[in-house]
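Structure record follows, encoded as structure tokens.
Only this structure's heavy atoms are used, side chains among them; waters, hydrogens and symmetry mates stay out. Because the structure is predicted, anything quoted here is derived from the model rather than measured. By convention in this document, chain letters (A, B, ...) are assigned in the order of the sequence lines, proteins followed by strands, and residues within each chain are numbered from 1.
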Number of protein chains: 2
Amino acid sequence: MNELSRQAVAIAAKIPQPACSQCNLQELCLPVGLTTAELSTIDHLVSERRKIARGDALFRSGERFTAIYAVKLGFFKTEVLSEDGRHQVTNFYMAGEVLGMDGISAESHHCDAIALEDSEVCLIPFQQLESISIKVPTLQRHLHRVMSREIVRDQGMMMMLGAMRAEERVVAFLLNLSQRYTARGYAAADFNLRMTREEIGSYLGLKLETVSRAFSHLQEDGLVQVEKKHIRLVDTTKLKKMLSQESTAR
Amino acid sequence: MNELSRQAVAIAAKIPQPACSQCNLQELCLPVGLTTAELSTIDHLVSERRKIARGDALFRSGERFTAIYAVKLGFFKTEVLSEDGRHQVTNFYMAGEVLGMDGISAESHHCDAIALEDSEVCLIPFQQLESISIKVPTLQRHLHRVMSREIVRDQGMMMMLGAMRAEERVVAFLLNLSQRYTARGYAAADFNLRMTREEIGSYLGLKLETVSRAFSHLQEDGLVQVEKKHIRLVDTTKLKKMLSQESTAR
DNA sequence: CTGTGTTTTTGATTTTTATCAACCCGTACG
DNA sequence: CGTACGGGTTGATAAAAATCAAAAACACAG
């Protein structure tokens, strides 16, 4: 697999790691280097859990930024919306991932975070996180990594949006999801989509019809099995090959 | 102007701020809150200046990540390249901006940074930056902002790549450049492009011919004057309107 | 169980953009 | 001096994706 595909697929690839006791905060807890005392400090940091019903917002654009959120259970999308009603999905977040870091730069969020199913998050007050990370250098370093990973992840997305055709984007999306599920210890080749075709399309810069057609075509070729929201990756190797081979990319 | 356009145009909008004495490190120096002693600490941090000739690389993909770089003079592009020779420009950086933060997550860079003209950068060793930011909370907070801004900026790009048609992308690109020049105290409506049509196209997910056509068409409409690399934005208001009005976006 | 609204699929057509090709313009270089 | 080359423009054509349209599948409230 070439660099481009690795990029696109590895968007947000995560390694499973020991969770904090409060919640499965895989992304923020380092596997090594933290003393028990430090871990306890972090546990205290996670001040609150919050349940978000399907369709409800965890935060909205313009709201004051106070915390980042570790998804404990469920699934979120973030989207930017414009005055005239258009909106674009910028990311999806599954259990074990951290969202809300967009707000750090401006003291307020610049996108909406919507639960795609009944979800539960751990709230991590950012000011406190900053204070503590001053006392625990390992934590600081790790926070920087998580933020940088978001940058790399976004740049992989840009790569995808700029250089791939419709079907390749869908493949990259499916492989990416699969990889993220794997990294979290779930079945990799078999999963349910939490989002609609329209949301996938919005995320990939495509129309929902195009996404649907891509699914159908991949199924015809025997590469995936699609049944409504359920996806089974039949031939992962071939799927990956689709991204690495010299296709007439734009 | 709606949120979408604000996003796209404001990618990396910066407010001019007092520079460090070593270099015009506008992005990392807070205008308020730093004592003279602290400023001096930061000055010592900037360990080295480096000149990069046009066409040369500041760093390359895979190289060990040790520092981030403040562009003192000149212009850079970053690009990801794949085994089969394809490559995609992921960003441009002008004087006063910081690049190299992609490497934080993985200890190595994941893209190439190439000088588009003879340039000069200040090297900021990242480990030291992290250490010092522990002693200077204001600096830490600011570092986080700069990183978050990169995230927001990238998401604006994603928005653009996903939701805009060719001509809109070009307009957003020009307005964004203009805004960044303005923020740095240069003439806003009148500037030279440092990159080729091909590089612009790669960045915007378009072919060079499409970029060229977009320029021509905008010129026909009297919105910009294009002469080779020189750009004059004739009617900024109309240009901005192009992004906000309900166009048949994808 | 039934009707209503949402989601998905599929087909026909149009629009947008890529592709292929020719040509222009500087300029670096033998 | 001319010529080879990189960068840019423009036109004709092809490919990809959007748009329009219709119908099927489904989810859910009453």
Side-chain angles (χ1 to χ4, degrees), chain A residues 53-55 77 86-89 114 116-118 160-174 192-221 224-231 242 246-250, chain B residues 54-55 75 77 86 88-89 114 116-117 160-174 192-221 224-231 242 246-250:
Chain A
R54 180 193 149 131
K77 67 172 175 184
R86 276 191 287 173
H87 53 90
Q88 162 122 359
V89 174
I114 311 288
L116 295 181
E117 54 184 19
D118 291 350
M160 185 167 94
L161 292 174
M164 287 186 184
R165 56 189 57 260
E167 203 165 296
E168 292 174 311
R169 294 185 203 185
V170 171
V171 169
F173 174 69
L174 291 177
N192 285 310
L193 296 174
R194 263 54 183 233
M195 65 298 280
T196 67
R197 303 285 189 266
E198 188 170 24
E199 286 161 338
I200 297 172
S202 173
Y203 179 60
L204 298 178
L206 302 170
K207 287 291 162 188
L208 63 125
E209 295 97 325
T210 310
V211 174
S212 179
R213 275 185 245 271
F215 278 147
S216 302
H217 188 244
L218 289 171
Q219 177 152 262
E220 274 174 34
D221 291 0
V224 302
Q225 273 173 35
V226 188
E227 191 161 344
K228 286 280 140 199
K229 300 267 188 176
H230 184 263
I231 299 285
M242 283 187 62
E246 177 81 20
S247 52
T248 334
R250 47 177 63 170
Chain B
R54 178 190 153 134
F75 216 95
K77 68 172 175 183
R86 278 190 286 173
Q88 162 122 1
V89 173
I114 312 287
L116 295 181
E117 53 185 18
M160 185 167 95
L161 292 173
M164 288 186 183
R165 59 187 57 260
E167 203 165 298
E168 292 173 312
R169 293 186 203 185
V170 171
V171 169
F173 174 69
L174 291 177
N192 285 310
L193 296 173
R194 263 55 182 235
M195 66 297 281
T196 66
R197 304 286 189 265
E198 188 170 25
E199 285 161 338
I200 297 172
S202 173
Y203 180 59
L204 297 178
L206 302 170
K207 286 292 162 187
L208 63 123
E209 295 97 326
T210 310
V211 175
S212 179
R213 277 184 245 269
F215 279 147
S216 302
H217 189 243
L218 290 171
Q219 178 152 260
E220 273 174 35
D221 291 0
V224 301
Q225 273 172 35
V226 187
E227 189 160 345
K228 288 276 144 201
K229 300 267 188 175
H230 184 262
I231 299 284
M242 282 187 62
E246 177 80 22
S247 52
T248 333
R250 46 179 63 170

A:L206 CG to D:dA16 C1', in whole Å, measures 11 Å
Under a 3.5 Å distance rule, please check whether A:S216 uses its side chain to pair with a backbone N or O of A:S212 as donor and acceptor.
yes
Here the gap from A:L174 atom CG to A:I200 atom CD1, rounded to the nearest 0.5 Å, amounts to 7.5 Å
- Check whether any side-chain nitrogen or oxygen of A:K207 sits under 4.0 Å from OP1 or OP2 of D:dC20, and answer yes or no. no
Can you tell me if CD on A:Q219 sees more than 12 non-hydrogen neighbours from other groups inside 6.0 Å?
yes
note: B:E220, atom CD; D:dG11, atom C1'; distance rounded to Å ~ 13 Å
From CD of B:E227 across to P of C:dC25 the rounded distance in Å is 13 Å
Scanning both residues in full, the closest heavy-atom pair of A:A172 with A:M164 reads CB-SD, 4.2 Å
The correct set of residues in residues 193-202 of chain B placing a heavy atom under 4.0 Å from DNA chain C is none
Separation between CZ (A:R169) and CG (A:L206), nearest 0.5 Å, reads 5.0 Å
Q.
When you measure from the side chain of A:D118 to the backbone of A:R54, do you find a donor-acceptor pair of N or O atoms at a distance under 3.5 Å?
A. yes
Atom CG of A:L218 and atom C1' of C:dT9 are separated, to the nearest Å, by 15 Å
B:M164 CE to D:dA18 P, in whole Å, measures 16 Å
The bend of the helix from C:dC1-D:dG30 to C:dG30-D:dC1, taken between the axes of its five terminal pairs at each end and rounded to 10°, is 30°
### Query
Would you find a donor on one side and an acceptor on the other, under 3.5 Å apart, between the side chain of B:K77 and the backbone of B:E199?
no
Note: B:E168 and B:M242 closest approach over all heavy atoms is OE2-O, 3.7 Å
Contacts of B:E209 meeting side-chain contact (heavy atoms from CB on, under 4.5 Å) (sequence neighbours excluded), chain-then-number -> B:K207, B:R213
Whole-Å distance, A:H230 NE2 to C:dT8 P, equals 15 Å
Protein-proximity profile, nucleotides 10-15 of chain C, B/S/- by nucleotide at the 4.0 Å heavy-atom cutoff, equals BBB---
Counting primed atoms, P, OP1 and OP2 as sugar-phosphate and everything else as base, the B/S/- map of nucleotides 24-30 of chain D against protein heavy atoms under 4.0 Å is --S----
Exercise. Tell me, do A:L204 and A:V170 make a side-chain contact under 4.5 Å, heavy atoms counted?
Worked result: yes
In this structure, CD1 of A:I231 is separated from CD of A:Q225 (nearest 0.5 Å) by 10.0 Å
Rounded to whole Å, CD of A:E167 lies from P of D:dA17 at a distance of 9 Å
Here the gap from A:T196 atom OG1 to A:L208 atom CG, rounded to the nearest 0.5 Å, amounts to 7.5 Å
Atom CG of A:L204 and atom C1' of D:dA18 are separated, to the nearest Å, by 15 Å
Sorted by chain and number, sequence neighbours left out, side-chain hydrogen bond (donor to acceptor under 3.5 Å, both in side chains) with A:E117 holds for A:R194
CZ (A:F173) and CE (A:M195) are apart, to the nearest 0.5 Å, by 4.0 Å
